[in-house]
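Just so we're clear, the structure is a prediction, and the values are computed from it rather than from any experiment.
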Amino acid sequence: LDLDVPADTEPGTTTVTLVGTAGSEEARLALDVTVVTADSGSVEMTTDVPAREGAADETFTYSLTLENDTPQQLTFELQAVGPEGWDVSAAPTGEVDATSVTVDARGSQTLEVEATPPAQATEGDYPLAVQAVAGEHSVAVDLLARVTGRVEMDFTTVDGRLNATATAGNPTQVEVVVVNTGTATL
C-alpha cells in the first residue's frame, strides 16, 4: 500500500479504509494514519558514565548514545574538545576516523569518545565536551577525565655510583636519592 500525503495536510490522525474485492467478495480494513510535522520529535545524547579516572599515560574511553526521536533520518556532524594538549575524538562505535554519523528516524547510534592527555598532564579534573549537530538539531554532553598522575621515579646515589664497599657484620651507610619523574605525588 502506497499512501501519498499532500504537503499541506494538517497534523493529526485520520482513518483510511482499504477495500479489496475478489469476484463478489469484499474485504474492508480500517487504517489509522497519523500525520506529524517534520520538526516534531527531539534528539538526545546520553551516557551512563560521564566521569572516568586514570593515570596521565592512559586513554579515557566513554560510550555515548545518540537518539533521534524525529520522523526523519538525520546526519550529525560530531565535535569533541578538551583542554589544550589533549587529543579528543568522537566517532560511531567501530568507526575510528568518522566525523559524522547517520541516525535513522526514531533510532539511535552508539558513539565512542576517546581522550588522551598530554604526557606531562598533572593530577586534576579535566572537562571534555562532545557535540552532535544536524541542521537545527544540536545536542551536547559534558564529560570529565580525572587524572590521578603517572607514577615514575629514578633511584640513584648522591655521587652517581651504584656500588659500595661494605664489611660483613659492620654497618655501612650509603646515601641514596629518589627523584619523582612522574606526575603523581609519591
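The 12-atom threshold is not exceeded at CD of Glu10, counting heavy atoms of other residues, nucleotides or ligands nearer than 6.0 Å. Within a 6.0 Å radius of CG in Asn163, more than 12 heavy atoms belonging to other residues, nucleotides or ligands are found.
Across all non-hydrogen atoms, the minimal contact from Pro92 to Ala98 is CD-CB, 3.6 Å. In this structure, Ala90 and Val130 approach most closely via the heavy-atom pair CB-CG1, 4.0 Å. Here the closest heavy-atom approach between residue Pro83 and residue Pro127 is recorded as CD-O, 3.3 Å. Across every non-hydrogen atom of Ala134 and Thr75, the tightest pair is CB-O, 3.2 Å. Between Ala129 and Asp142 the shortest heavy-atom distance is CB-OD1, 4.0 Å. Nearest approach of Ala145 to Trp86, heavy atoms of both residues: CB-CH2, 3.7 Å.
Between Val141 and Leu64, the closest side-chain pair of non-hydrogen atoms falls below 4.5 Å. Between Val81 and Leu128, the closest side-chain pair of non-hydrogen atoms is not below 4.5 Å. Annotation: side chain of Val88 is not in contact with side chain of Glu114 (no heavy-atom distance under 4.5 Å). Here the side chains of Leu144 and Arg52 are not in contact, with every heavy-atom distance at 4.5 Å or above.
Here the side chain of Asp69 pairs no donor or acceptor atom with the backbone of Gly41 at under 3.5 angstrom. Remark: side-chain polar atoms of Thr167 are not paired, donor with acceptor, to backbone N or O of Asn170 under 3.5 angstrom.
Just one of Val133, Val43, Val103, Thr102 meets the side chain to side chain contact (heavy atoms under 4.5 Å, CB included) condition when paired with Leu74; it is Val43.
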Practice problem: Give the intermediate values and the outcome of side-chain contact (heavy atoms from CB on, under 4.5 Å) for residues Val177 and Thr157. | Solution: CA-CA 5 Å; Val177 178; Thr157 60; over 6 Å; no
Quiz item: Taking it one step at a time, do Leu143 and Val113 satisfy side-chain contact (heavy atoms from CB on, under 4.5 Å)?
Solution: CA-CA 10 Å; Leu143 304 170; Val113 177; 4.1 Å; yes
Practice problem: Evaluate the side-chain contact (heavy atoms from CB on, under 4.5 Å) criterion for residues Thr17 and Leu29: first the C-alpha distance (whole Å), next the side-chain angles of each, then the deciding distance (0.1 Å), finally the verdict. | Solution: CA-CA 6 Å; Thr17 302; Leu29 176 63; over 6 Å; no
Self-check item: Stepwise side-chain contact (heavy atoms from CB on, under 4.5 Å) test for Thr15 and Leu31
Solution: CA-CA 5 Å; Thr15 302; Leu31 300 172; over 6 Å; no
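Checking Asp32 against Thr13 by side-chain atom types alone, no donor-acceptor pair falls below 3.5 Å.
Glu95 contributes atom CD, which lies 11.5 Å from atom CG of Leu78 (distance to the nearest 0.5 angstrom). Rounded to the nearest 0.5 Å, atoms CD (Gln72) and NE2 (His137) are 5.5 Å apart. Distance CG/Asp125 to CZ/Arg146: 4.0 Å, rounded to 0.5 Å. With rounding to the nearest 0.5 Å, the separation of CD in Gln79 from OG in Ser138 is 8.0 Å. The structure places CE of Met45 at 7.5 Å from CD of Gln131, a figure rounded to the nearest 0.5 Å. Rounding to the nearest 0.5 Å gives a distance of 12.5 Å between CG of Leu66 and OG1 of Thr47.
Grouped by direct or indirect side-chain proximity (heavy atoms under 4.5 Å, Ile/Leu/Val/Met/Phe/Trp/Tyr only), Val49 sits alone.
Residue pairs satisfying the side-chain hydrogen bond (donor to acceptor under 3.5 Å, both in side chains) criterion with at least one member in residues 53-65, sequence neighbours excluded, are listed as follows: Thr59-Thr116.
Put simply, Val179 and Val158 are part of the same group of oily side chains (I, L, V, M, F, W, Y) that touch within less than 4.5 Å, one to the next.
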